[in-house]
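Have a look at the structure below before the remarks.
In this text, all values refer to a predicted model and were calculated from it rather than measured experimentally. We count residues from 1, following the sequence as given.
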Amino acid sequence: MNDVFHALGDTTRRRMLRELSEGEKTVGELAAPFEMSLAAASKHIKVLEKAGLIRREARWRSRVCYLEPGPLASAQQWLKQYEHFWTERLDILERLLREEDASKTPNREGDDP
C-alpha cells in the first residue's frame, strides 16, 4: 500500500494513470504530454509498475503500458474507512453554514429587529 500511495503522490504519475484509464499507451505516448525525456518518463513508469498500478509488455520494438486497477481498488477501499469521518464533518459544516445564513437573513418589514 505504501508503494501505491507513493506513486499516487506525484502529479505526473496520476496524469499517466488517467491516460492509461482510456486505454493502452506506449512509453512515448505517456511521455508526450509532459516536457520530459523518455528516460524521465521511464522512471515514473517504473514507480507505477513497482506499485502494481501498471504493467508493461514488449510489443515489437516498443513497450506498451496497461492500467492494473487492483491496487487502486485496494487504496480506495482503505480510504473508504475514513468516509464516515469526512461525511460527518461535512454534515456539521453544512449545518453551521445554514445556521449562519439564517442569522444573517434580514428581517422582513414589520418584524421587530
Side-chain angles (χ1 to χ4, degrees):
M1 194 65 74
N2 288 340
D3 287 340
V4 171
F5 284 112
H6 169 72
L8 295 174
D10 182 83
T11 305
T12 301
R13 292 191 288 265
R14 287 192 307 269
R15 197 160 152 209
M16 286 179 166
L17 288 175
R18 192 175 323 119
E19 291 291 321
L20 289 172
S21 72
E22 297 171 4
E24 66 184 44
K25 305 268 190 240
T26 65
V27 172
E29 289 170 331
L30 282 176
F34 308 99
E35 294 185 18
M36 67 173 62
S37 66
L38 286 177
S42 186
K43 287 181 182 181
H44 283 291
I45 290 167
K46 285 179 184 176
V47 171
L48 293 169
E49 203 171 24
K50 180 182 178 207
L53 293 165
I54 67 169
R55 69 182 161 85
R56 211 174 1 174
E57 70 180 42
R59 186 181 296 160
W60 294 94
R61 291 178 17 171
S62 61
R63 300 290 233 164
V64 179
C65 300
Y66 302 88
L67 181 66
E68 287 289 343
L72 285 175
S74 297
Q76 192 272 335
Q77 188 160 0
W78 185 83
L79 289 168
K80 191 167 178 63
Q81 299 175 70
Y82 300 96
E83 185 177 343
H84 75 280
F85 171 79
W86 291 111
T87 301
E88 181 180 307
R89 297 294 189 278
L90 290 172
D91 289 345
I92 291 169
L93 177 60
E94 180 182 24
R95 181 179 48 81
L96 291 171
L97 290 172
R98 287 182 190 276
E99 288 172 3
E100 184 177 313
D101 284 348
S103 70
K104 289 182 180 178
T105 303
N107 292 333
R108 290 176 278 156
E109 287 185 39
D111 286 348
D112 291 333

Checklist entry - What do the steps show when you test His44 against Leu30 for side-chain contact (heavy atoms from CB on, under 4.5 Å), and what is the final call? => result CA-CA 10 Å; His44 283 291; Leu30 282 176; over 6 Å; no
Next on the checklist: Whether the side chain of Ser21 engages the backbone of Arg18 through a donor-acceptor N/O pair (distance < 3.5 Å, no angle test) should be reported.
Outcome noted: yes
Next on the checklist: Once rounded to the nearest 0.5 Å, what's the spacing between atom CG of Leu96 and atom CG of Asp91?
Outcome noted: 11.0 Å
Item to check | Co-membership, hydrophobic cluster, residues Val64 and Leu38, 4.5 Å side-chain | outcome: no
Next on the checklist: Within the 4.5 Å heavy-atom criterion, are Thr12 and Met36 side-chain neighbours or not?
Outcome noted: yes
Checklist entry - Counting only heavy atoms not in Glu35, do more than 12 fall under 6.0 Å of its CD? => result no
Checklist entry - Between Arg59 and Glu24, is there a salt bridge with N-O shorter than 4.0 Å? => result yes
Item to check | Candidate pair Glu99 and Arg95, rule salt bridge (charged side-chain N to carboxylate O under 4.0 Å, His left out), full reasoning | outcome: CA-CA 6 Å; Glu99 288 172 3; Arg95 181 179 48 81; 3.2 Å; yes
Checklist entry - Would Leu53 and Tyr66 show up in the same hydrophobic cluster when neighbours are defined by side-chain heavy atoms closer than 4.5 Å? => result no
Checklist entry - Would a hydrophobic clustering, with Ile, Leu, Val, Met, Phe, Trp and Tyr connected at side-chain separations under 4.5 Å, put Tyr82 with Met1? => result yes
Checklist entry - Any idea which heavy atoms bring Pro71 and Gly52 closest together, and the distance? => result CG-O, 3.2 Å
Item to check | Gap separating the CD atom of Glu29 from the CG atom of Leu20, nearest 0.5 angstrom | outcome: 9.5 Å
Next on the checklist: Under a plain distance cut-off of 3.5 Å, with no hydrogens placed, do Arg14 and Thr11 share a side-chain donor-acceptor pair?
Outcome noted: yes
Checklist outcome for this item: CG of Leu48 to CG of Leu17, rounded to nearest 0.5 Å, is 5.0 Å
Next on the checklist: Measuring only between side-chain heavy atoms, which start at C-beta, is Val4 closer than 4.5 Å to Ser74?
Outcome noted: no
Next on the checklist: For Arg98, is there an ion pair with Glu94 - N to carboxylate O distance below 4.0 angstrom?
Outcome noted: yes
Item to check | Euclidean distance, Lys25 NZ relative to Met16 CE, rounded to 0.5 Å | outcome: 12.0 Å
Checklist entry - Do Leu8 and Leu72 have side-chain heavy atoms sitting under 4.5 Å apart? => result yes
Checklist entry - Would you say Val27 and Ser62 make side-chain contact, with heavy atoms under 4.5 Å? => result no
Checklist entry - Glu49 pairs by salt bridge (Lys or Arg N to Asp or Glu O under 4.0 Å) with which of Lys43, Arg13, Arg56? => result Arg56
Checklist entry - Applying side chain to side chain donor-acceptor pair (under 3.5 Å), which residue pairs with at least one partner in residues 1-10 are found, sequence neighbours left out? => result none
